[in-house]
Participant: 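Below you will find the structure I want to go over with you.
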Number of protein chains: 2
Amino acid sequence: MTAVSSPLISVAIVEDDEGIRESLAAFLGRARGVRCTAVYSNAEDALREFKIQTPDVVLMDINLPGMSGIDATRELKQLRPDARILMLTVYEDNKALFDSLKAGACGYLLKRTASDKIVAAIREAREGGMPLTPRMASKVAAYFQNKDTVGGELDKLSQRERRTLELLSEGFLYKEIAEKMGISYLTVHQYTKHIYEKLHVHSRTEAVVKYLRH
Amino acid sequence: MTAVSSPLISVAIVEDDEGIRESLAAFLGRARGVRCTAVYSNAEDALREFKIQTPDVVLMDINLPGMSGIDATRELKQLRPDARILMLTVYEDNKALFDSLKAGACGYLLKRTASDKIVAAIREAREGGMPLTPRMASKVAAYFQNKDTVGGELDKLSQRERRTLELLSEGFLYKEIAEKMGISYLTVHQYTKHIYEKLHVHSRTEAVVKYLRH
DNA sequence: GCGAACATACCCAGTTCTGGGTATTCACAG
DNA sequence: CTGTGAATACCCAGAACTGGGTATGTTCGC
């Protein structure tokens, strides 16, 4: 709104598959309002160039030979905090999505996304938006619902589960916890299953990290 | 040395086993320089009384019905910071030892300790000492060697080990870490072995806790 | 007095971690 | 140039954890 509407948004592509890279570039060349200023087949080359000149928006593949697109995103954001990076990948992968956002990507698209949607996403990214597929968006929403209720999640634990988590956080083995709490090893086992379920985690370490962040 | 030598040291016993409790009390009754002023079979009763009158030294069992001796120690020290509490237990348990000391106990004895040694320990406790069995003492010494270098311990890690620990702290599996770092699963395995060795821990959670405390 | 939540305990199968090795390559200090 | 440390990779065995069940009794609210 307040931004000066620049005539052209410069876009760089980082993508190892030559076919995809070229067709993307060609397509951006025909699109109005955007200009494809550079293409790279790997993250290292791209980063080197970006130190000299950074485009408005980067379309970044995740699976790259050598450095991953996510690591590259992290580095680029460190170098240019206002860089706008759109992840472009084939998988609708939960972890990749969140890792990308944590690394500093501003959006996450699937390669099978229709071309005109990609241009729209580039504009949206430029304007500070967060272009995501609807499904991705709902995952992000769900994530923050959890995020906001981390304390709330802990509240869902019963007394004994909380105590168990406390001891888990101190690194005790199940059998040691059982001894300390005067219950069976199997009960401790059961508690941890409940804890993981309630905290939406899949390992002791993840549970402990949530717990230690109160 | 500088302390006024009081004629009698008042001692309270908190111990749930009646046999041990009585024989301890009887034995203290016969010993010179000490006076057993109270016995309790659980922590709750003892704490209630201590709010009114605190003995010079408390002999505290660890395994008690209800509140543990360690928790009772913590509470009593909060109430009376200058209370002298000697833990008395059957197990030579590393963790119990350190938990006791962290809770505020001034010493840690095994129940099989010879009676005259117990009186000596009570005197030592009264005079500000830290009565421990030789084996316990060496464990404490080792602990502080580590404790003073917690930051230093982390410094001992190589670059890759540090990165591995960072990822371990985020709850990733070995194989995921391997992928992220572009190395073999087996190498991650090797790194964690080194990390555990350098940090003197035996599980991922313990390592993570040390790491998160920077 | 019924259903929900909690605490307890057990089974099983599969995965992951832990801790003991060995070994090569490379770089750097002495 | 020899030794040390870092980084890499592998083997093995056993311990521990994870996740899917089931089952019982208690307590508490409706």
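Note that this is a predicted model, so its numbers are computed, not measured. Letters A, B, ... mirror the listed sequences (proteins, then strands); counts begin at 1.
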Participant: Counting the atoms with a prime plus P, OP1 and OP2 as sugar-phosphate, which does A:Leu186 contact under 4.0 Å by heavy atoms, base, sugar-phosphate, or nothing?
Facilitator: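 Base, at least one base atom sits under 4.0 Å.
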Participant: Using a cut-off of strictly less than 4.0 Å, decide whether B:Ser184 has a side-chain nitrogen or oxygen near OP1 or OP2 of D:dC10.
Facilitator: yes
Participant: Indicate whether any N or O donor in one side chain lies under 3.5 Å from an N or O acceptor in the other, for A:Ser10 and A:Arg35.
Facilitator: no
Participant: Test of understanding: with ring-ring contact (aromatic ring centres under 6.0 Å, His included), list the residues that count as partners of B:Tyr196, not counting sequence neighbours.
Facilitator: none
Participant: Atom CD1 of B:Ile183 and atom P of D:dC10: how far apart are they, to the nearest Å?
Facilitator: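 For the pair B:Ile183 CD1 and D:dC10 P, the rounded distance is 11 Å.
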Participant: Do B:Leu88 and B:Ile13 make a side-chain contact, defined as non-hydrogen atoms from C-beta onward lying under 4.5 Å apart?
Facilitator: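 They are not in side-chain contact.
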Participant: Is it the case that A:Ser41 and A:Asp16 place a side-chain donor and acceptor less than 3.5 Å from each other?
Facilitator: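 Side-chain D/A pair, A:Ser41 to A:Asp16: absent.
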Participant: Within this structure, what is the CE-CZ distance for the pair B:Met60 and B:Arg84, rounded to the nearest 0.5 Å?
Facilitator: 13.5 Å
Participant: B:Met181 has an atom CE; how far is it from atom P of D:dA9, in whole Å?
Facilitator: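 From B:Met181 CE to D:dA9 P: 10 Å.
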Participant: Can you check each nucleotide of nucleotides 15-24 of chain D against protein heavy atoms at under 4.0 Å and return B for base, S for sugar-phosphate only, - for none, in 5' to 3' order?
Facilitator: -SSBBBBB--
Participant: What is the distance from CZ of B:Arg162 to P of D:dA6, rounded to the nearest Å?
Facilitator: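 B:Arg162 atom CZ is separated from D:dA6 atom P by 11 Å.
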Participant: For the residue pair B:Tyr174 / B:Thr192, report whether a side-chain donor-acceptor contact shorter than 3.5 Å exists.
Facilitator: yes
Participant: Between C:dA5 atom P and A:His194 atom NE2, what is the distance in whole Å?
Facilitator: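 Distance check: A:His194 NE2 to C:dA5 P gives 12 Å.
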